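Working notes for the structure below.
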Number of protein chains: 2
Amino acid sequence: MIKRYDIFEWNRFLKPVPSMNEYRKGIMMRKKQTEKVTITDVAKAAGVSKTTVSRYLSGQYHALSDRTRTRIKAAIEQLNYRPNQLARGLKGDRSYLIGMIVADITNPYSTAVLRGAEDVCKRKGYSLMVCNTDNDPAKEREYIFTLQSHRIDGLLINTTGQNNGFLRELANDRTPVVLVDRKMPELGFDTIGLDNEQATSELVHFILNQGYKRIAYITEPLAGVSSRQERAAAFARELTRLGIPADDLYEVDLHSPESLMEKLDHFLTDTEGDKRAIIAANGVVMLKLISALQLKGVQIPGDVAVAGFDDPEWAPLIGSGITTVAQPTYQIGVTAMERIFNRLEGDTSPAQNIHFAGKLIVRGSTPAVD
Amino acid sequence: MIKRYDIFEWNRFLKPVPSMNEYRKGIMMRKKQTEKVTITDVAKAAGVSKTTVSRYLSGQYHALSDRTRTRIKAAIEQLNYRPNQLARGLKGDRSYLIGMIVADITNPYSTAVLRGAEDVCKRKGYSLMVCNTDNDPAKEREYIFTLQSHRIDGLLINTTGQNNGFLRELANDRTPVVLVDRKMPELGFDTIGLDNEQATSELVHFILNQGYKRIAYITEPLAGVSSRQERAAAFARELTRLGIPADDLYEVDLHSPESLMEKLDHFLTDTEGDKRAIIAANGVVMLKLISALQLKGVQIPGDVAVAGFDDPEWAPLIGSGITTVAQPTYQIGVTAMERIFNRLEGDTSPAQNIHFAGKLIVRGSTPAVD
DNA sequence: ATTTATAATGAAAACGAATGCAAAATCAGG
DNA sequence: CCTGATTTTGCATTCGTTTTCATTATAAAT
């Protein structure tokens, strides 16, 4: 089932060594080991054994006399010693590294989450390896391998959903995996994200209450991305429940601008004269949407009301402000990372699915109409 | 000179071990080594020695017979082997890790640079450890230590300028350090950024040519940040050269909104009736500026023209668009990272100072006036 | 067939830190 | 000063690789 991908593509990175002879002659360039100071040096300087220094390093103060402790500390400061995490990791089976695979690092949502995640890592003495996949499953796969090679202690991922086998394998090696924004129930991982049900229904109801009769929903392709699916489904369900046809759900490919334009044209002519509104499924879509509307000379909210998910920093500045549903992004990052540490600390409870409530922020783009 | 900071604060992260006895009993929780497959297993499965497998891993194909190569490859795939980078790094003195210390990860400028940097890393088989300092020198210092402990092979930094001693020390250990956006000439590191001279002068001239008589320049505090200083200096110089008083250079603290409001009030009343413009020194300032102007009910460009540095995604959408000077951010990231690899590959030429030209993007916020 | 170059291989010693085990030092109480 | 408990300490091994230094197989040249 799992495609056995040739993971050793990675050695393509190495320049081919030209010939055995040259190799032998040691021509290869490498970082010269500048008399790096090691635990041995510290031990020598402090007049104790490596063991003792090691104990100091890992905080086993209870096993050290005050005198020794002081001397080691002094030696370390004097020599400017930095313990080698590679060695520590190799022996101790902990790299103090957490991987974070992000679908699109330039998306403000991602960076906000990242920021929260990073703060927690720092607090715990861990560091973050950040990987950007551009939503490309192949890149994602390569990154999973790389991170595995670095023996990360945990992974926070915004997955494309195309590499479940590899993720499962990672988890089998006792590496906690936490999903952000996008669920994959079959994997049984902790998942953190927005309560899409609540958020969507709140937004839809608000818009209808403002008096709009037709609502379009514009989203990136639903295929495989749970958050997109959940929002779209909730949108359709709410409308249907209220007896309104949910025909205007448009999937657009943001890479081809015409795609969006076409859908817009269709909706706008179809609803000519009606009180109508458009919902953008996330911040990126919203940006494109507004750009497209401006290009067509369509007035917001005069000709059409607009609202969307995510609350980008610029939402208040467009016209009289765009109505949005904000996500607690920083909190999502924090919570996700905390799940990882909980797992590392031995929590074996069943996978948790934590969703945060979205917060409706009403602005000028959705005025009440009669 | 260098303050000897107690680097071993870091072991504060470790839970104190309760007592020697308990410790002896091995109560400590640790990740159980699940029969991880090692190079030895691969060697065994392929019927060769570890040495040979290692050669395969590092791409020394010239030293391998086809038969051996095939067998090793098969063994690796079958066993699902992932080479341990910690061990490789320990022995080979290369971690395949590059550190990136960013002042503010939520700033789109930073993420755009990050994206470029990351792409290069990936291409080279390296990974990126990302650290966010929030412009806090203490955090920066801690991160430098941490990264050093992880034996990063290179560092890309957007420095606060308060930890030069430690950066120099890092560089002494033969770790290439490349500065982004902010120069520190005394350190002698490669530096990549915008050509602030050219960019600023181009912008200022454009605005003057459009017919504006008074220009305000709003920037975050200049203290120690070269890019801010360069832009502000260029602004003042250009005006002075043209015989215009450069009085309206305002440093504002973005954390206190009143700070900006005050300066704005001052400038706007002072120039009542004049043709006037305001330049924001970067994207973040611009956002605050526009927000403040909207709050005061000041029309752009009716009451005041606006332009700024960075070209945030939303710049085209505000009113009839905001005029900006765009930086080639992705390119900056790529170039910076390439400098690191050049250094790693042995380039010992003097420090380079690469600045890219900014590109003036004219939009509706700065119309010609008579 | 014998020498001589060259291509393929392997045994064993690092790399820097953590740790099981055992020994040395210290202490409390007599 | 001695005994037994307890606290401190260190030796030697281990983690998974890379690399040095040989050694063995193969081919080319005589």
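Proteins get letters first, then strands, A, B, ... in listed order; numbering begins at 1 in each. Since we're looking at a predicted model, the values are computed, not measured.
Partners of B:D136 according to the salt bridge (charged side-chain N to carboxylate O under 4.0 Å, His left out) rule, which considers only residues two or more places apart in sequence or in another chain, do not exist here. By the side-chain contact (heavy atoms from CB on, under 4.5 Å) test, A:S65 is found to be paired with A:R67, A:T68, residues two or more places apart in sequence or in another chain being considered. In this view, B:D134 and A:R115, B:K139 satisfy the salt bridge (charged side-chain N to carboxylate O under 4.0 Å, His left out) rule, not counting sequence neighbours. Taking A:S110 as the reference, nothing meets the side chain to side chain donor-acceptor pair (under 3.5 Å) condition, with sequence neighbours excluded. Legend: residues meeting side-chain contact (heavy atoms from CB on, under 4.5 Å) with A:A74, ordered by chain and number and at least two apart, are absent. Legend: residues meeting side-chain contact (heavy atoms from CB on, under 4.5 Å) with A:A103, ordered by chain and number and at least two apart, are A:T133, A:N135, A:N158, A:R182. Scanning for side chain to side chain donor-acceptor pair (under 3.5 Å) contacts around B:T146 gives an empty result, with sequence neighbours left out.
In this structure, A:R88 places its CZ atom 16 Å from C1' of C:dC15, rounding to the nearest Å. Put simply, CD1 on B:I39 is 12 Å from C1' on D:dT19, counting in whole angstrom units. Separating the OH atom of B:Y96 from the P atom of D:dT17 is a distance of 13 Å, rounded to the nearest angstrom. Atom pair A:L90:CG and C:dG16:C1' shows a separation of 9 Å (rounding to whole Å applied). Separating the CG atom of B:D93 from the C1' atom of D:dT18 is a distance of 11 Å, rounded to the nearest angstrom. When rounded to the nearest whole Å, the span between CG of A:L64 and P of D:dG10 equals 10 Å. Atom CG in B:L57 sits about 12 Å away from atom P in D:dT19, given to the nearest Å. Between the CZ atom of A:R94 and the C1' atom of C:dA17 there is a distance of 16 Å, rounded to whole Å.
At the heavy-atom level, A:V53 lies nowhere under 4.0 Å from the strands shown. At a threshold of 4.0 angstrom between heavy atoms, the contacts of B:S54 include nucleobase atoms, whether or not backbone atoms are also involved. No contact: B:L86 has no heavy atom under 4.0 Å from any strand.
Taken over five-pair windows at either terminus, the axes of the helix from C:dA1-D:dT30 to C:dG30-D:dC1 are inclined to one another by 40° (rounded to 10 degrees).
The base of C:dG10 sits within donor-acceptor range of the side chain of B:R55, with an N or O pair under 3.5 Å.
Regarding contacts with the backbone of C:dG16, every side-chain N or O of A:T38 stays at 4.0 angstrom or more from both OP1 and OP2. Here A:Y56 does not reach the OP1 or OP2 of D:dT8: none of its side-chain N or O atoms lies under 4.0 Å away. An OP1 or OP2 oxygen of D:dT9 is reached within less than 4.0 angstrom by a side-chain nitrogen or oxygen of A:S65.
Where A:R69 and A:A87 meet DNA chain D, the nucleotide closest to each residue was compared, and A:R69 sits on the side nearer the 5' end.
Here D:dG10 is the nucleotide among C:dA17, D:dT8, D:dG10 with the atom lying nearest to any side-chain atom of A:T52. Each of C:dA8, C:dT19, D:dT17 was ranked by its minimum atom distance to the side chain of A:Q60; first place goes to C:dT19.
Residues B:R123 and B:E118 are not paired through a salt bridge, judged by the lack of any N-O separation under 4.0 Å between the basic side chain and the carboxylate.
Considering A:R339, A:E345, A:E338 as possible partners of A:F341, the one that fulfils the side chain to side chain contact (heavy atoms under 4.5 Å, CB included) test is A:E345.
Considering every non-hydrogen atom in both A:Y61 and A:R69, the closest pair reads CB-NH1, 3.6 Å.
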Protein and nucleotides 12-14 of chain C: nitrogen or oxygen contacts under 3.5 angstrom:
| from | atom 1 | to | atom 2 | distance (Å) |
| --- | --- | --- | --- | --- |
| C:dA14 | N3 | B:K91 | NZ | 3.3 |

